Amino acid sequence: MTEQDGAPQSDFIREIIENDLKTGKHGGIATRFPPEPNGYLHIGHAKSVCLNFGIAAQYNGTCNLRMDDTDPAGESLEFVESIQNDIRWLGFDWEDRLFFASDYFEQLYQFAVTLIKKGKAYVCDLNADEIRTYRGTLTEPGKNSPHRDRPVEENIDLFARMRAGEFEDGTHVLRAKIDMASPNITLRDPVVYRIKRSGHYRIGDGWVIYPMYDFAHCLSDSIEKITHSICTLEFENNRPLYDWFVNELIEGPRPRQIEFARLNLSYTMLSKRRLIELVEGRLVGGWDDPRMPTVAGMRRRGYTPEAIREFCARIGVAKNDNLVDIALLEHCVRDDLNERAPRAMAVLRPLKVIIDNYPEEQVEEIDCPIHPQKPEMGTRKVPFSRIIYIENDDFMENPPKKYKRLGPGREVRLRNSYVIRLDSTKKNESTGEVMELHCTYDPDTRNAAPSDGRKVEGVIHWVSAEHAIPATVRLYDRLFKVADPAGADAEFATLLNPESLETIHGCYVESSLASAQPEDRYQFERLGYFCADRKDTSPARPVFNRIVSLRDSWAKIAK
RNA sequence: UGGGAGAUCGUUCAACGGCAGGACAACGGACUCUGACUCCGUGAAUCGAGGUUCAAAUCCUCGUCUCCCAGCCA
């Protein structure tokens with residue numbers, strides 16, 4: 001991990017914080033991660049989680065988890081729970097500081113009353129369309145609402161009656177009285193409270209009025225004594241409003257909003273709306289589909305929290321719009337798994353090999369290293385016998401020049417065991433397809449080079465036909481065909497990669513994998529990293545997800 | 001179009017007036033019982049035009065391009 005083996009992380013936000021610490025502006029640092037519980041967390045949220053919790057840890061501060069549940073539409077307990085699971089899984093801890101904006105509703109209401117009393121807010125009877133019209137445009141100033149100058153007492157009364165449920169949805173709103181001519185549209189008397197009778201997942205029908213983000217967020221930060229309120233770039237326009245509310249209503253130290261660029265990842269889509277579409281449109285299997293860029297999806301795919309954290313550290317934090325190459329994420333995953341994943345052999349597309357000169361009943365238990373570079377990880381027993389399966393594409397009838405594997409008359413090393421030579425093939429008479437390979441083995445080559453000094457370059461993996469365990473393997477590829485699906489103007493369903501999932505039945509894995517538990521990760525040698533699916537795998541029918549392939553320089557040569 | 005923000009190798013992040021650097025990607029090679037890993041090496045950038053300065057990616061001026069804002073979403 002970056003935090004462990006190198007310099008502490010640094011970026012423009014940490015510079016601001018260090019400066020604030022140095023000048024004594026704050027005694028301690030308090031951040032928060034404020035998701036709205038209306039969807040699952042994705043890798044973009046992970047960036048923010050790592051930033052907020054990472055900063056708290058680095059500067060000995062705290063990071064709160066706050067559900068920003070101010071709009072009941074779409075919010076649910078399922079999401080509250082998934083968010084907590086995902087953050088914990090990523091390796092962060094909010095201790096006893098789980099908060100809900102909805103718990104602040106009474107305080108927020110009182111803040112609103114204070115605003116009214118200061119003459120800085122009013123109840124407006126305009127409907128949504130009228131408010132939009134009155135707001136003006138980017139180039140033209142807005143017009144004042146006819147209700148803008150209502151007396152304070154009337155506003156207080158009306159606002160109380162809004163709360164009491166006397167008005168229909170959409171008939172009244174509370175607005176801040178700022179400046180209808182502001183070049184910053186955010187400041188043109190923004191709506192502060194609206195009436196919504198949809199029912200809230202936590203508080204039921206207790207409230208029929210709900211505060212807007214701009215009002216609730218900055219005040220929630222203030223209530224929690226957040227020092228640095230870190231959010232994404234699209235809130236830059238809202239910062240003056242953030243400061244306006246805080247300045248009107250909060251005494252003493254105030255939180256400071258800082259914006260950074262959200263993550264964009266090539267070949268994926270990170271907008272919550274799009275992810276909801278994928279899930280609800282059944283374009284994927286669910287929020288935790290291994291192709292999804294959600295934390296739950298990546299977990300199910302087999303990504304490690306360490307790899308995700310490392311990725312978040314490496315992409316950095318800045319204010320530039322970006323499109324990070326997904327190859328970097330894959331690199332982080334390989335880098336982590338290469339260190340820790342036990343090795344195993346699995347054959348995805350089996351081709352039967354009969355070793356004619358190997359004794360019929362003989363079985364050898366071969367000790368294979370669990371990790372060739374880490375002898376301390378020990379060994380595992382892998383049975384070897386006369387009939388084995390090898391990978392179908394480790395044989396070619398007419399191999400090209402640089403091909404190192406099996407072909408007629410060629411020799412190849414069976415990983416961790418003998419050198420074999422291909423003598424003949426048996427074909428399906430009607431299709432011409434090669435069904436069986438007949439080989440002879442060189443008994444002197446187990447754990448040894450051929451005694452006559454001949455070089456055997458190719459090494460292939462295998463499993464013993466009699467001992468191997470049937471398994472299902474799912475191969476995953478990028479969900480989208482194009483690098484920047486969010487930027488493409490095509491219908492987004494047409495951008496999906498039809499080959500993002502390939503399920504292969506009839507695979508064989510070595511017998512030691514009988515004990516594989518859900519979420520166990522392995523390197524299937526020469527193939528990639530695989531993870532026993534946390535939901536679908538069973539001892540009777542193991543199911544492995546390909547997390548990421550190994551780098552494949554042969555694929556480039558072959559092209 | 002008003003306002004806000006941003007432009008540095010293919011991508012991403014640095015360089016805070018003093019030799020433009022790292023990572024990923026790419027390419028070449030070495031090693032190899034994983035065509036993996038590792039190691040060595042190569043190519044690759046300051047949006048443009050002026051100005052200030054001994055010295056500019058950095059400061060100034062004028063342009064250009066990109067992103068965000070006209071939800072009773074966040």
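The analysis underlying the following values was restricted to heavy atoms, covering all of them including side chains, and did not include hydrogens, waters or symmetry mates. A, B, ... follow the sequence lines: proteins, then strands. Residue 1 opens every chain. In this text the structure is predicted, and so the values were computed from the model without any measurement.
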Look at all strands and tell whether A:T70 reaches a base, only sugar-phosphate, or nothing, counting heavy atoms closer than 4.0 Å.
-> sugar-phosphate

With heavy atoms under 4.0 Å as the rule, sort A:E36 into base, sugar-phosphate or nothing.
-> sugar-phosphate

Please measure how far the P atom in B:G28 lies from the corresponding atom in B:C69, and state the result in whole Å.
-> 44 Å

Could you write out RNA chain B as a dot-bracket string, with dots for unpaired bases, | for bases paired across to another strand, and Watson-Crick or G-U pairs counted at under 3.5 Å?
-> .((((((..((((....[..)))).(((((.......)))))....(((((..]....))))))))))).....

Between B:G50 and B:G43 - P atom distance, rounded Å | 29 Å

With heavy atoms under 4.0 Å as the rule, sort A:F235 into base, sugar-phosphate or nothing.
-> base

Touch class at under 4.0 angstrom, heavy-atom based, for A:V317 against every strand present = sugar-phosphate

Going by atom types alone, do A:Q523 and A:E525 pair a side-chain donor with an acceptor below 3.5 Å?
-> no

Contact summary for A:E36 and A:K272, nearest pair of heavy atoms = O-NZ, 3.1 Å

Reckon A:Q523 touches a base, only the sugar-phosphate, or nothing at all at heavy-atom distances under 4.0 Å?
-> base

Heavy atoms under 4.0 Å, any strand shown: does A:D214 hit a base, just sugar-phosphate, or nothing?
-> nothing

Answer with base, sugar-phosphate or nothing: what part of the nucleic acid does A:R413 contact at a heavy-atom distance below 4.0 Å?
-> base

Hey, are A:Y201 and A:D69 close enough side-chain-wise for a donor-acceptor pair under 3.5 Å?
-> yes

Using the closest heavy atom to pick a nucleotide of RNA chain B for each, name whichever of A:E15 or A:V191 lands nearer the 5' end.
-> A:E15

Among side-chain atoms of A:T137 and A:E140, is any donor-acceptor pair under 3.5 angstrom?
-> yes

Closest non-hydrogen atoms of A:Y109 and A:A160, given as atom of the first, atom of the second and distance, are OH-CA, 3.3 Å

Glycosidic torsion of B:G41 (syn if within 90° of 0, anti otherwise) classifies it as anti

Contact class for A:D552 vs. all strands (heavy atom < 4.0 Å): base, sugar-phosphate, or nothing?
-> sugar-phosphate

Chain A on RNA chain B: first and last contacting nucleotide, 5' to 3', under 4.0 Å to a heavy atom?
-> B:U1 to B:A74

For A:P372, report the nucleic acid contact type (base, sugar-phosphate, nothing); a contact means any heavy atom under 4.0 Å.
-> base

Would the A:Y418 and A:F384 ring centres measure less than 6.0 Å apart?
-> yes

Pairwise C1' distance for B:C65 and B:C27, with rounding to whole Å | 31 Å

NA contact type, A:L328, heavy-atom cut-off 4.0 Å: base, sugar-phosphate, or nothing?
-> sugar-phosphate

Can you tell me how far C1' in B:G4 sits from the matching atom in B:C9, rounded to whole Å?
-> 29 Å

Which is true for A:L126 with a 4.0 Å heavy-atom rule: it touches a base, it touches only sugar-phosphate, or it touches nothing?
-> base

Pairwise C1' distance, B:A57 and B:G18 [rounded to whole Å] | 13 Å

Quick one: do the A:S48 and A:N52 side chains pair a donor with an acceptor below 3.5 Å?
-> yes

Are there more than 12 heavy atoms of other residues, nucleotides or ligands under 6.0 Å from atom CG of A:N19?
-> yes

Base, sugar-phosphate, or nothing: which does A:S553 touch, judged by heavy atoms less than 4.0 Å apart?
-> sugar-phosphate

For B:G35 versus B:U12, give the span between their P atoms, rounded off to a whole number of Å.
-> 33 Å

What distance, rounded to whole Å, do you find between the two C1' atoms, one in B:U11 and one in B:A25?
-> 7 Å

The salt bridge (charged side-chain N to carboxylate O under 4.0 Å, His left out) partners of A:R32 (sequence neighbours excluded) come to A:D221

Which value, in whole Å, describes the distance between the C1' atoms of nucleotides B:C39 and B:C60?
-> 48 Å

Between A:H331 and A:L527, which has a closest nucleotide on RNA chain B that is more 5'?
-> A:H331

Name the nucleic acid region contacted by A:L233, choosing base, sugar-phosphate or nothing; use a 4.0 angstrom heavy-atom cut-off, strictly under.
-> nothing

Side chains of A:E78 and A:Y40: do they bring a donor and an acceptor to under 3.5 Å?
-> yes

Between A:A112 and A:Y193, which heavy-atom pair has the shortest distance, and what is it?
-> CB-CE1, 3.7 Å

Touch check for A:D11, heavy atoms < 4.0 angstrom, all strands: base, sugar-phosphate only, or nothing?
-> nothing

